[in-house]
Amino acid sequence: MTKQKLLLLDGNSLAYRAFFALPLLTNDSGIHTNATYGFTTMLQKIIGEENPTQMLVAFDAGKTTFRHESFGEYKGGRQKTPPELSEQFPYIRKLIDAYNIKRYELEMYEADDIIGTLAKQAAGQGIEVIVVSGDKDLTQLATEDVTVYITRKGITDIEKYTPAHIQEKYGLTPEQIIDMKGLMGDQSDNIPGVPGVGEKTAIKLLKEHGTIEKLYEAMDSLKASKMKEKLVDNEEMAHLSKKLATIHTDAPLTISLDDLAYSGPDEESLLNVWQELGFKSLIEKSDFEAVETEQAELVFENVQSIKADMLKDTMAIHLELENEHYHSCNALGLALTDGERTVYTAIDNVVDNADLKAWIQDETKKKYMVDSKATQAMLHRLGIELKGVEFDLLLASYILKPSISGDDVATLAKEFGYQDVQSNEAIYGKGAKWIVPGADHVAEHVSRKAVAVWKLQPVLEQTLKENEQFELYKELELPLAHILGKMESEGITVNIDTLRQMGDELKTKLEVMEATIYELAGEKFNINSPKQLGVILFDKLGLPVIKKTKTGYSTAADVLEKLQSEHDIVKHILEYRTLAKLQSTYIEGLIKEVHKEDSKVHTRFQQALTSTGRLSSTNPNLQNIPIRLEEGRKIRKAFVPSKKDWILFAADYSQIELRVLAHMCGDDALVEAFQQGMDIHTRTAMDVFNLENPDDVTSLMRRTAKAVNFGIVYGISDYGLSQSLDITRKEAGIFIENYLQSFPGVKNYMDTSIEEAKKAGFVTTILNRRRYLPDITSSNFNLRSFAERTAMNTPIQGSAADIIKKAMIDMDARLEQEGLQTKLLLQVHDELIFEAPKEEIEILERIVPEVMENAIKLSVPLKVEFSYGPTWYDAK
DNA sequence: TACGTCACG
DNA sequence: ACGTACGTGACGTAA
């Protein structure tokens with residue numbers, strides 16, 4: 001067996017050292033990271049160099065120690081720990097835990113004593129000991145078996161104190177370090193020592209007499225001097241100081257050396273903490289990803305053909321795709337498992353296998369899988385209609401842990417404690433290096449995924465039931481996945497010619513505007529570069545700087561709007577920006593997404609992404625097609641029905657979020673306003689401006705009230721409202737105060753939401769969707785405030801999302817039940833877009849509002865408005 | 001790949 | 001005093 005080596009770290013001292021050695025770094029979420037970063041680099045270095053078999057980080061516990069009993073002023077007059085450092089300690093503990101290093105603190109004792117005690121114990125057993133600290137006091141522990149590392153200047157630069165080194169440096173033994181400190185004192189610990197005795201004098205005295213005790217024994221023989229006087233006068237202090245400086249090597253520890261075994265970090269957790277802290281360089285440098293984790297052996301068969309006898313009533317199935325673009329990419333293969341037998345077959349053996357196809361299409365054959373929507377869409381392209389989805393790991397994970405990012409089976413599985421599946425990146429590589437490995441590797445990888453799904457199904461369903469979220473998962477998200485899959489596969493037709501024509505017109509306009517802008521600027525530059533634009537506007541033309549970004553001048557629209565009167569160029573730039581956006585994103589970008597075969601775009605609705613429960617839409621994003629400005633709105637003319645004599649039919653909830661708020665907070669005035677069908681912004685204006693008559697509400701008042709209502713939904717702050725209305729913070733504050741006084745139920749809701757989040761750690765929506773808010777108790781103002789606003793907003797936005805999802809399921813059933821040809825194509829958060837034959841308009845006008853308004857019963861009515869026309873533009 | 005910007009609800 | 005509205009995705013630039 002190799003020799004054991006124990007590393008003992010002084011947590012507090014090293015954290016302080018790191019904090020003061022590095023500039024005050026901040027990560028994206030506003031947490032300071034200089035101490036955590038320094039601590040980490042120090043750990044990385046020392047572990048790498050020393051390769052310890054045992055490790056421990058000791059911390060000081062509490063404020064008082066046994067040392068205070070003998071000397072009340074011990075460590076008195078010390079500056080309070082800076083809050084920028086205090087906030088980093090929880091993360092340092094997290095880091096240590098992720099490294100799988102034992103940490104320890106003991107009531108009444110300091111880290112020094114813990115280290116001293118363990119060092120002595122270990123040395124007694126012949127273990128090599130290394131002590132690491134930023135505090136030179138620890139050098140007293142040095143022996144032949146114990147080396148003390150003290151950080152110098154930075155945190156990774158280290159001075160190694162052996163007895164020989166101490167002899168060389170001071171001419172003293174390690175034990176004499178205590179005497180030295182007894183004589184000279186220690187300012188940082190408020191140990192007095194003997195006044196007037198510094199390092200030099202102390203060393204001289206000790207070289208002569210050995211110890212403080214012997215020094216005083218010999219005092220009579222010393223010739224009279226100022227020094228002697230001081231020594232005599234302060235004899236008691238000298239002895240006390242020595243006592244205080246002595247590290248105890250017999251602290252009553254509740255741990256033993258056996259508890260300190262170190263065998264390397266938990267790479268997953270460590271990466272997570274690094275991610276959280278934003279240590280990108282460390283993540284990149286780490287070779288964790290490449291480390292082949294030991295995985296249990298898997299028995300599977302790579303078969304030419306999946307035979308009928310392999311197809312059971314309930315199985316996990318995994319269809320492996322090349323990438324996430326399942327409307328256009330290839331499938332690689334398919335694995336099935338029933339927990340006993342696992343089979344894989346390449347994709348070429350799937351399509352023509354009638355038994356397999358029938359089994360997939362058989363609703364009574366229950367399938368467990370991950371991402372049923374992607375699977376359904378890909379199989380649909382292969383001419384197979386997936387039925388009987390019983391479990392979807394992606395959706396179950398999303399309900400249980402909405403914060404998990406990514407849809408890799410390995411990531412999901414690990415979150416729930418299952419390790420025996422590799423990440424896609426490990427198998428295929430990523431980016432330009434992506435490559436399909438040999439068939440056997442793919443077969444095993446895909447088989448492992450199927451097995452992972454099989455194993456995780458009972459675990460996740462059980463947890464969902466315990467959380468009372470099973471219904472949300474099984475009755476809402478799972479059936480919704482099927483509907484979204486159909487919507488995506490159906491796609492929406494885009495008239496490319498319309499887009500091209502608009503693009504041509506835009507191109508001409510943009511060229512003219514470009515020329516005008518260059519002229520006004522007096523030179524050519526890249527208008528699309530905020531950096532170059534900033535130079536022109538603020539340096540060359542000398543416009544006043546209203547706002548800055550972290551990289552330079554802000555040239556955002558709200559800033560430019562305020563500068564319009566300063567220079568003609570500004571309005572041209574604003575106009576240019578608007579058109580350039582249309583051109584690049586909505587003309588060129590959209591054209592790229594149109595499928596040649598059917599002239600349609602097939603977006604992907606991300607169903608397991610947002611933290612509120614909303615959907616998102618990608619490739620292309622059809623949830624942000626312009627509407628507010630007429631120029632942009634025209635883009636919608638390119639979205640048309642897929643058949644002649646069909647129309648697009650759009651239905652949207654009116655004020656759904658405020659209605660949800662009214663329902664949840666039960667505020668009498670708000671509920672009444674909706675029950676009476678009042679214009680809610682006008683009603684709000686009456687309350688905020690203390691008016692009796694709706695006719696007294698001016699359009700400015702209504703606009704203001706509308707902004708206040710938005711603010712309420714977002715988790716109000718006076719600053720936010722002042723920005724959106726361009727008024728002072730104080731004025732905004734008065735509006736908010738008036739509002740909350742008029743609607744006390746809302747105020748109560750806001751307070752209760754935050755309280756609940758603090759108590760339970762999460763907030764919930766109407767259908768029991770959760771959002772966890774760990775930052776709600778953070779000592780960091782920014783993080784905490786953000787969590788508080790989220791606590792107010794998420795139940796509102798999330799419940800609205802629940803409602804429309806339920807409406808989609810009901811609507812799908814109703815269309816089926818009525819035997820209609822109408823198809824649901826898009827969802828845009830509070831609206832549904834259908835395409836329908838003209839003959840069905842009349843019935844849609846009746847059933848769409850009915851179904852949507854009754855999706856979930858609230859204490860206030862839901863209101864749906866609709867319209868239709870030959871293009872999306874006309875459905876207004 | 002990060003940032004600023006801007007489109008939507 | 002702190003620095004912000006909530007939730008998204010796509011683009012071009014610049015590193």
Non-neighbouring partners of [X] that pass ring-ring contact (aromatic ring centres under 6.0 Å, His included), sequence neighbours left out:
X        : answer
A:Phe866 : A:Phe649
A:Tyr719 : none
A:Tyr873 : none
A:Phe735 : A:Phe689

Please check this pair: side chain of [X] against backbone of [Y], looking for a donor-acceptor N/O pair closer than 3.5 Å.
X        : Y        : result
A:His325 : A:His327 : no
A:Asp802 : A:Leu767 : yes
A:Arg659 : A:Pro861 : yes

Hey, does [X] reach any base, or is it just sugar-phosphate, or nothing, if we go heavy atoms under 4.0 Å?
X        : result
A:Ala787 : nothing
A:Val828 : sugar-phosphate
A:Thr794 : nothing
A:Arg577 : sugar-phosphate
A:Ala557 : sugar-phosphate
A:Gln797 : base

What is the separation between atom [atom1] on [X] and atom [atom2] on [N], rounded to the nearest whole Å?
X        : N     : atom1 : atom2 : value
A:Tyr653 : B:dC8 : OH    : C1'   : 19 Å
A:Met792 : C:dT4 : CE    : P     : 16 Å
A:Leu658 : B:dG9 : CG    : P     : 15 Å
A:Phe710 : C:dG7 : CZ    : C1'   : 12 Å
A:Ile796 : C:dA5 : CD1   : P     : 18 Å
A:Ile716 : C:dG3 : CD1   : P     : 21 Å
A:Leu506 : B:dA7 : CG    : P     : 13 Å
A:Glu657 : C:dG7 : CD    : P     : 12 Å

Pairwise [atom1] distance for [N] and [M], with rounding to whole Å:
N     : M     : atom1 : result
C:dA5 : B:dG4 : P     : 13 Å
B:dC3 : C:dT4 : P     : 14 Å
B:dC6 : C:dG3 : P     : 24 Å

OP1 or OP2 of [N] less than 4.0 angstrom from a side-chain nitrogen or oxygen of [X], does that happen here?
X        : N     : value
A:Arg789 : C:dT4 : no
A:Thr555 : B:dG4 : no
A:Arg628 : B:dC8 : yes

- What string of B, S and - do you get for nucleotides 8-15 of chain C, 5' to 3', if B is base contact, S is sugar-phosphate-only contact and - is no contact with any protein heavy atom under 4.0 Å? SBSSSSSS
- Item | Dot-bracket summary - DNA chain C, pairs being Watson-Crick or G-U whose distances fall under 3.5 Å, with | when paired to another strand | .....|||||||||.
- Determine the sole option in A:Met852, A:Glu831, A:Glu865 for which the side chain to side chain contact (heavy atoms under 4.5 Å, CB included) test with A:Tyr653 is passed.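 Answer after filtering A:Met852, A:Glu831, A:Glu865: A:Met852.
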- Item | Residue pair A:Lys540 / A:Glu523, side-chain heavy-atom distance below 4.5 Å |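 Yes - at least one pair of side-chain heavy atoms lies under 4.5 Å apart.
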- Query: Between A:Thr555 and A:Arg577, is any pair of side-chain heavy atoms under 4.5 Å apart?
  - Reply: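 A side-chain contact exists here, since the closest heavy-atom pair is under 4.5 Å.
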- Task: Between A:Arg729 and A:Asn793, just flag the one whose closest nucleotide in DNA chain C comes earlier from the 5' side.
- Result: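 Comparing both residues, the 5'-ward one is A:Arg729.
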- Item | Spacing of NZ belonging to A:Lys547 relative to NZ belonging to A:Lys562, to within rounding of 0.5 Å |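 Nearest 0.5 Å value for the NZ-NZ distance: 7.0 Å.
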